[in-house]
Amino acid sequence: MTKLHELIIVGSGPAGVGAAMGAIGHRIKPLVLDVGNEPPPHDDIDENFYEYRKRHSVHELMMGQRHEGIYNILNRTTMSPKLTSPMMQYVIEEADNLSPLRQDGFKAVQSFAKGGLASAWGAGLFRYNDRELASMPVSATELEPYYDALTREIGIIGREDDLTPYFGTDRDLLEPLNFSRKSGKLYRRYLKKRKSLNKKGIYMGFPRLGVLSRDYNGRSAG
């Protein structure tokens, strides 16, 4: 017997997952489908990448044997360096051929990878404000309940600081990770010259990241 679904969501990126969460909140069990390019095998990496690079050279993974990681220089265009590394190029592979775009003055990035651009996600999370949504048919205030629900579901770190006007409220945020030694030193120097730097349009603080600083909702920190 064929099983029918009230809602089918194509794509398991941030938008697809957010839509699925909204549907479940209305007691609708969606079917989420996703296909696409998958990451190349790196059988030698069996641990956290940041721990791996402490003991191994990652030049080939990040730059490539033919230095294809310097895509921006070779192609005279602008794209996030993370997407140009050999280990991440599968995320944007064949996108320009499969879905060519006319663009002028900017570089649109598309993905036909499984999980979409979320596969190269840097864990940064922020809320759009009214200024950024000025030309949109929805306001930041209307989006607040949905942002709050995602914050509680994901577990986002951050705190009230000088970046709050740009990243949004500190409501329901988890405590941030500790600064590295160099970052901590830089931040302390910023605080000493905060007023003068703010007048020049320079602000610093803790980013909003989808990283757990403590065990949360049945998931381990890290």
Side-chain angles (χ1 to χ4, degrees), residues 5-34 78 80 82-83 91 101 103-111 115-177 179 183 187 190-191 194-219 221:
H5 295 271
E6 292 181 76
L7 177 65
I8 298 176
I9 298 172
V10 180
S12 62
V17 171
M21 279 184 56
I24 291 171
H26 287 83
R27 298 183 179 180
I28 298 174
K29 187 175 182 181
L31 172 66
V32 180
L33 302 175
D34 203 355
T78 300
S80 169
K82 186 169 186 178
L83 291 172
V91 176
L101 296 175
Q103 47 202 314
D104 183 19
F106 70 98
K107 173 63 178 178
V109 180
Q110 302 180 94
S111 176
L117 290 171
S119 302
W121 180 47
L125 292 165
F126 62 92
R127 301 180 180 216
Y128 286 111
N129 57 41
D130 283 325
R131 178 180 58 81
E132 293 166 326
L133 296 174
S135 61
M136 302 296 288
V138 63
S139 69
T141 301
E142 292 175 285
L143 292 176
E144 283 293 310
Y146 304 99
Y147 280 133
D148 289 345
L150 286 170
T151 299
R152 291 190 295 268
E153 176 68 24
I154 296 171
I156 301 174
I157 62 173
R159 68 167 53 152
E160 177 75 25
D161 55 29
D162 291 347
L163 296 184
T164 298
Y166 305 97
F167 286 166
T169 178
D170 63 332
R171 186 170 54 248
D172 295 325
L173 294 178
L174 303 179
E175 58 274 16
L177 300 174
F179 278 131
S183 297
Y187 188 59
Y190 162 78
L191 292 177
R194 183 179 180 182
K195 289 184 178 180
S196 61
L197 290 172
N198 289 171
K199 288 180 179 179
K200 296 178 181 179
I202 300 174
Y203 299 88
M204 291 185 65
F206 288 83
R208 308 297 197 256
L209 299 174
V211 178
L212 297 184
S213 55
R214 60 177 172 83
D215 293 351
Y216 183 77
N217 274 357
R219 290 172 280 133

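- No more than 12 heavy-atom neighbours from other residues, nucleotides or ligands sit within 6.0 angstrom of OH on Tyr128.
- Distance check, rounded to the nearest 0.5 Å: NZ of Lys195 to NZ of Lys200 gives 15.5 Å.
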List the steps and the verdict of side chain to side chain donor-acceptor pair (under 3.5 Å) for Arg127 and Thr151. CA-CA 10 Å; Arg127 301 180 180 216; Thr151 299; 3.2 Å; yes
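- The two residues Arg208 and Gly158 make their nearest non-hydrogen contact at CD-CA, 4.1 Å.
- Between the side chain of Asp162 and the main chain of Gly205, no donor-acceptor pair closer than 3.5 Å is present.
- The nearest pair of heavy atoms linking Ser111 to Val91 is OG-O, 2.6 Å.
- The backbone N or O of Arg131 lies less than 3.5 Å from a partner atom in the side chain of Asn129, making a donor-acceptor pair.
- Closest of all the heavy-atom pairs between Tyr190 and Asn198 is OH-ND2, 3.0 Å.
- A heavy-atom distance below 4.5 Å is not found between the side chains of His26 and Glu6.
- Within 6.0 Å of atom OH in Tyr146, 12 or fewer heavy atoms from other residues, nucleotides or ligands are found, so the atom counts as exposed in its surroundings.
- For the atom pair Ile156 CD1 and Phe126 CZ, the distance stands at 11.5 Å (nearest 0.5 Å).
- The heavy-atom pair separating Leu177 from Phe206 by the smallest distance is O-CE2, 3.8 Å.
- Nearest heavy atom pair, residue Ile157 against residue Pro176, reads CB-CA, 3.9 Å.
- Taking all atoms of both residues into account, the shortest heavy-atom contact from Val138 to Leu133 is O-CB, 3.8 Å.
- Asp170 CG to Leu163 CG: the interatomic distance, rounded to the nearest 0.5 Å, is 12.0 Å.
- With rounding to the nearest 0.5 angstrom, the CG atom of Asp172 is 15.0 Å from the OH atom of Tyr147.
- Atom CG of Asn217 and atom CG of Leu212 lie 8.5 Å apart (nearest 0.5 Å).
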Original post:
What do the steps show when you test Tyr216 against Arg152 for side chain to side chain contact (heavy atoms under 4.5 Å, CB included), and what is the final call?
Top reply: CA-CA 10 Å; Tyr216 183 77; Arg152 291 190 295 268; 4.1 Å; yes
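- The line from OG1 of Thr164 to CZ of Arg159 is 10.5 Å long, rounded to the nearest 0.5 Å.
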